[in-house]
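Both counts, for ligands and for their atoms, begin at 1 and track the order of listing. All values below come from the heavy atoms of this structure, side chains included, with hydrogens, waters and symmetry mates left out.
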Amino acid sequence: MVALPLTNDPAIDPSVQDLIAARPWLKYDAFAGLLLDGVPLAGIAAGAGTPTWAYSAETMRARYRSLADAMTGADLNVEVHFAVKANDRLAVLSLFGAAGAGADVVSGGELLKARRAGIAAARIVYSGVGKSEAELRLALAEDIGQINVESAEELAMLSAIAAGTGQTARVALRVNPDVDAGTNTKITTGRATDKFGIPYADAIALYRQAAGLPGIRPIGLATHIGSQILALAPYRAAYSRIAGLVRALRDHGLHVETVDCGGGLGIPYRNEPAPSPAGLAAAMKQAFHNLDVRLTMEPGRWLVGPAGVLLASVILVKQTPHEPFVVLDAAMNDLVRPAMYDAWHGIVPVAASGAHTLGGPATVVGPVCESGDTLARSRSLPPLTPGAIMAILDAGAYGSVMSSTYNARPLAAEVWVDRGSWSVIGDRQAAEAAWERERLPA
Ligand code: LLP
């Protein structure tokens with residue numbers, strides 16, 4: 001991660017023109033302002049209010065197609081399981097289901113949502129370091145395609161449950177390859193010290209043990225080394241270790257039919273060079289092409305991140321002896337990524353007039369009562385007045401799904417843009433709805 005990525009650096013930061021030019025689904029119209037797939041974002045803000053998430057369905061479909069084409073282009077037959085955690089809205093899940101994707105889930109809730117969105121159980125993989133007994137029972141009851149087991153303890157628990165119900169779980173062992181993905185430490189998952197996966201050195205013994213356990217059918221291996229990965233070298237290193245394990249397991253007479261290559265492919269939020277799906281396909285091919293394994297993968301962010309924007313209104317611009325503060329009606333409770341990972345998101349005005357005339361640097365904040373509620377620092381923005389609508393870019397992944405009602409702020413509305421018009425796919429939460437589940441003590 002770049003040091004202080006929140007902070008603007010005119011030497012490396014893209015202009016508003018550059019940001020928009022790099023995202024063909026966004027375009028300025030001189031009169032209607034910023035368009036998402038031809039639909040004016042100003043109209044969405046006027047109709048649905050702010051803050052509101054807006055998603056381009058066509059961008060999601062196009063990204064799925066180009067990822068799938070990259071795999072086919074490398075002569076790989078890969079089943080894509082959308083990582084539901086990146087954006088679990090039913091509209092999004094059913095879009096990917098219809099496009100042919102399966103789902104990678106990490107909770108009973110995600111499993112139920114994926115099923116509800118019409119994704120076949122056989123195409124669901126369940127990952128995660130702490131699946132509860134109830135969640136494992138649900139996975140068995142739904143007869144999902146694969147459970148990625150992350151520890152010896154979990155393997156024993158699953159075996160006991162499956163044997164008790166007379167079922168057989170198709171299990172992949174998620175192996176920790178001890179590879180540093182070189183991304184933000186909070187989203188790096190493949191180092192030996194991370195909580196994820198089975199230690200590399202234990203994998204063969206545990207696989208052999210799994211093959212002898214009641215209720216368990218080991219079918220392969222899985223790995224996932226982190227998220228927002230911007231280099232292919234860590235993938236190559238991890239895949240080569242996993243390929244080595246496949247060979248070693250087979251040398252031990254064990255049956256291995258599938259490898260789950262995980263997710264993590266990064267996207268350019270600022271203007272970082274990011275690997276392409278074709279590059280990832282080449283890394284997968286290099287490691288696995290002569291192993292005769294069925295490959296799956298679990299991309300999340302790459303498919304949905306660029307397809308979403310968060311619309312916000314300027315509440316006021318607070319002048320100070322330092323940089324002015326642009327106070328938006330969207331905050332860290334809506335989009336937590338800047339506060340949590342120092343993540344950089346493009347922020348552009350929706351109005352076209354003056355969009356390219358930048359004023360001095362400003363700090364963009366939300367109304368939440370923490371200094372961490374900072375969406376951008378020292379950002380060059382056009383002169384803004386209260387009521388101006390802003391679009392926070394690349395908010396389609398790990399955006400609304402990570403929202404909270406902190407400061408008793410209701411969850412924002414969510415809007416779907418498709419075939420030239422928009423519709424609401426998630427109502428703005430009513431203020432009272434946020435405390436509906438509460439009771440005064442007796
Ligand atoms: N598979 C597994 C087992 C995962 O844990 C994840 C993400 C993925 C697939 C999908 O990774 P992706 O392709 O989306 O990078 N909230 C953070 C990201 C957390 C990622 C967690 N695991 C953020 O906003 O950057």
How far is atom 8 (C) of ligand 1 from its nearest protein heavy atom, and which residue and atom name does that atom have?
His224 CE1, 3.3 Å
Do you see a donor-acceptor pair shorter than 3.5 Å between the side chains of Arg174 and Ser127?
no
If you compare Ala181, Ser127, Gly264, Gly226 by their heavy atoms, the one closest to atom 13 (O) of ligand 1 turns out to be Gly264
What part of Asp104 sits under 4.0 Å from ligand 1 if we count only heavy atoms: the side chain, the backbone, both or neither?
side chain
With a 6.0 Å cut-off on ring centres, are His345 and Tyr269 close enough?
yes
Here the atoms of ligand 1 under 4.0 Å from any heavy atom belonging to Gly300 are 12 (P), 13 (O), 14 (O)
Could you tell me whether the side chains of Gln228 and Thr183 share a donor-acceptor contact shorter than 3.5 Å?
no
With a 4.0 Å cut-off, would you call Arg270 and Asp394 a salt bridge?
no
Side-chain donor-acceptor contact under 3.5 Å, Asn271 with Asp18
no
For atom 18 (C) of ligand 1, closest protein heavy-atom neighbour
Arg301 NH2, 3.5 Å
Given side chain to side chain donor-acceptor pair (under 3.5 Å), test Glu323 with Thr363 step by step and report yes or no.
CA-CA 6 Å; Glu323 283 183 11; Thr363 300; 2.6 Å; yes
Are any of the N or O atoms of Gly263 closer than 3.5 Å to those of ligand 1?
no
State which residue, out of Asp260, Val293, Leu249, Asn148, fulfils the side-chain contact (heavy atoms from CB on, under 4.5 Å) condition with Leu221.
Leu249
among protein heavy atoms, the one nearest atom 19 (C) of ligand 1 is Ile187 CG2, 3.7 Å
Which one holds for Pro299 and ligand 1: side chain close, backbone close, both close, or neither close, with close meaning a heavy atom under 4.0 Å?
backbone
With a 4.0 Å cut-off on N to O distance, would you call Asp329 and Arg409 a salt bridge?
no
Salt bridge (Lys or Arg N to Asp or Glu O under 4.0 Å) partner of Asp143, chosen from Arg170, Arg123, Arg137
Arg170
Using the side-chain contact (heavy atoms from CB on, under 4.5 Å) definition, which of the options Asn333, Thr405, Asp334 pairs with Leu411?
Thr405
Protein heavy atom at shortest distance from atom 14 (O) of ligand 1
Tyr398 OH, 2.6 Å
With a 4.0 Å cut-off on heavy atoms, does Tyr341 reach ligand 1?
yes
Numbered atoms of ligand 1 (with element) below 4.0 Å of Ala83, judged on heavy atoms
8 (C), 9 (C), 10 (C)
To which protein heavy atom is atom 24 (O) of ligand 1 closest, and what is the distance rounded to 0.1 Å?
Arg337 NE, 2.6 Å
Determine, using heavy atoms of Lys186 and all atoms of ligand 1, whether some pair is separated by less than 4.0 Å.
no
Heavy-atom contact check, 4.0 Å cutoff: does Met402 meet ligand 1?
yes
Which residue and non-hydrogen atom of the protein lie closest to atom 1 (N) of ligand 1, and at what distance in Å?
Glu298 OE1, 2.6 Å
Ligand 1 to Ser227, heavy atom cutoff 4.0 Å, flagged ligand atoms 11 (O), 12 (P), 14 (O), 15 (O), 18 (C), 20 (C)
Are Tyr341 and Thr185 linked by a side-chain donor-acceptor pair shorter than 3.5 Å?
no
If the threshold is 4.0 Å, N to carboxylate O, is there a salt bridge linking Glu58 and Arg65?
yes
For atom 22 (N) of ligand 1, the option (of Glu150, Lys85, Gln228, Met297) bearing the nearest heavy atom:
Lys85
Sub-4.0 Å heavy-atom approach of Ala397 to ligand 1
no
Taking 4.0 Å as the limit for heavy-atom contacts, which would you say applies to Arg174 with ligand 1: side chain only, backbone only, both, or neither?
side chain
